[in-house]
Amino acid sequence: MSKLNFKNEGDEHNFWQNYTDLMSGFLVVFIITSLVAWYGYIKVTGAIGGDGGSIKVTIEQSRMIREFNEAQKSLVSEYFHYNEQYQRFECKSDIMFEPNLSNIPADKEEIFIEAGKELVNKILSKFKESVNISFKIIIEGRAARHLNKDSKEANEAADRAVWHTMEIRSYERALSLYNLWNQNGIIKSIQEMNGEVFISGSGFGGQGRYPNTPGQEELNKTFIIQIIPYIK
């Protein structure tokens, strides 16, 4: 049977030998980790038999999206106002819907048809050749709160009485704009430019509303158009 031999207490402990072994182990781990990371980089960028690398393509797409966002801010529009704080378009024309109705008034239809054409021809057309840039376009309908009652409390009570109804109605109003654009070929044009249209209604709610004061609250009777570019 073999015996285990231990150093005597007086034997000198070789500190540097152990330290060298430890650092050698760390060096081996570092080299292996570096090789794995380098292989992953090569695989992602397509440096081995690639076509210039996907990172380069992604950077170019990101640059195009930044350009698009800047182009939105500088757009001189007849039909839209760009709200830079919330990064969205708001229709300049307020909508005088009949009470509890959701159809766009006949005298406003041409305005919103032209607004849709402007959306396609002035904004989205800049990127129609880029198959890798897509858009989500959100049509949000809104409604103005009551200000015609005798007191603030009476106005708030009137709002509460129809709150849920106006959420549904504002969605239906956004849908009426979608249908109007669809009938006039605008939705098809958006889809041909890699755009996807969504419909929503916020009723008396929604972020970034105009103040609940005379001369301001009625400005909430509008459509908000949110354009979100993204890389496919």
Side-chain angles (χ1 to χ4, degrees), residues 68-69 71-128 135-148 162 165-229:
F68 174 81
N69 288 329
Q72 290 188 94
K73 298 177 185 179
S74 60
L75 175 68
V76 178
S77 171
E78 182 178 353
Y79 302 101
F80 292 109
H81 160 71
Y82 184 73
N83 187 322
E84 188 168 351
Q85 180 180 359
Y86 296 102
Q87 298 183 356
R88 69 192 185 200
F89 289 100
E90 299 168 3
C91 292
K92 289 182 177 179
S93 179
D94 59 330
I95 315 301
M96 301 303 294
F97 288 104
E98 294 294 327
N100 292 320
L101 295 181
S102 58
N103 294 327
I104 295 175
D107 61 341
K108 295 284 187 179
E109 285 187 352
E110 189 60 32
I111 291 175
F112 288 105
I113 292 171
E114 293 302 315
K117 291 178 180 178
E118 186 180 69
L119 176 71
V120 170
N121 297 327
K122 280 194 174 183
I123 303 175
L124 301 185
S125 62
K126 179 178 175 62
F127 296 92
K128 65 181 179 181
F135 303 91
K136 292 186 184 298
I137 299 174
I138 302 170
I139 304 173
E140 179 187 345
R142 292 196 168 187
R145 296 177 178 177
H146 291 86
L147 284 177
N148 58 343
V162 295
T165 299
M166 291 311 298
E167 286 185 335
I168 297 173
R169 196 69 68 239
S170 63
Y171 170 83
E172 292 173 344
R173 290 171 175 175
L175 179 61
S176 70
L177 179 60
Y178 177 93
N179 290 335
L180 181 66
W181 282 1
N182 193 37
Q183 292 163 7
N184 289 272
I186 295 168
I187 298 298
K188 181 180 179 181
S189 296
I190 291 173
Q191 292 171 343
E192 289 174 349
M193 295 181 183
N194 301 319
E196 196 174 4
V197 183
F198 298 85
I199 307 165
S200 69
S202 56
F204 296 146
Q207 189 178 41
R209 288 179 62 86
Y210 288 96
N212 183 227
T213 57
Q216 291 291 303
E217 181 60 44
E218 53 263 35
L219 296 178
N220 289 310
K221 292 188 293 185
T222 187
F223 293 115
I224 291 172
I225 310 297
Q226 193 91 27
I227 306 174
I228 306 172

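Here, residue 1 is the first one in the sequence, and each next residue gets the next number.
How far CG of Asn179 is from CD of Glu172: 11.0 Å, rounded to the nearest 0.5 Å. Note: Asn103 CG to Glu109 CD = 8.5 Å, rounded to the nearest 0.5 Å. Atom CD1 of Ile137 is separated from atom CD1 of Ile228 by 10.0 Å, given to the nearest 0.5 angstrom. Taking CZ of Phe223 as the reference point, atom CG of Leu177 lies at 5.0 Å (rounded to 0.5 Å). With values rounded to the nearest 0.5 angstrom, Met166 atom CE is found 4.0 Å from Arg173 atom CZ. Here CD1 of Ile186 is found 11.0 Å from CD of Glu118. Values are rounded to the nearest 0.5 Å.
Looking at every heavy atom in both residues, Ser170 comes nearest to Gly203 through OG-N, 2.9 Å. When every heavy atom of Pro214 is checked against every heavy atom of Leu147, the shortest pair comes out as N-CD1, 3.8 Å. When all heavy atoms of Ser202 and Arg142 are compared, the closest pair comes out as OG-CG, 3.3 Å. Here the shortest heavy-atom pairing between Gly141 and Ala174 reads N-CB, 3.7 Å.
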Please walk me through it: do Leu175 and Ser102 pass side-chain contact (heavy atoms from CB on, under 4.5 Å)? CA-CA 9 Å; Leu175 179 61; Ser102 58; over 6 Å; no
Test side-chain contact (heavy atoms from CB on, under 4.5 Å) on Ile139 and Trp181; report intermediate values, then the result. CA-CA 11 Å; Ile139 304 173; Trp181 282 1; 3.9 Å; yes
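The environment of NZ in Lys136 is crowded: more than 12 heavy-atom neighbours from other residues, nucleotides or ligands sit within 6.0 Å.
The side chain to side chain contact (heavy atoms under 4.5 Å, CB included) with Phe204 is formed by just one residue from the set Val162, Asn220, Asn212; it is Val162.
A heavy-atom distance below 4.5 Å is not found between the side chains of Val197 and Asn182.
Checking side-chain atoms of Glu218 against main-chain N and O of Gly215 turns up a donor-acceptor pair under 3.5 Å. A side-chain donor-acceptor contact under 3.5 Å links Asn121 to the backbone of Lys117. In terms of modelled atom types and a separation under 3.5 Å, the side chain of Gln216 and the main chain of Pro211 share no donor-acceptor contact.
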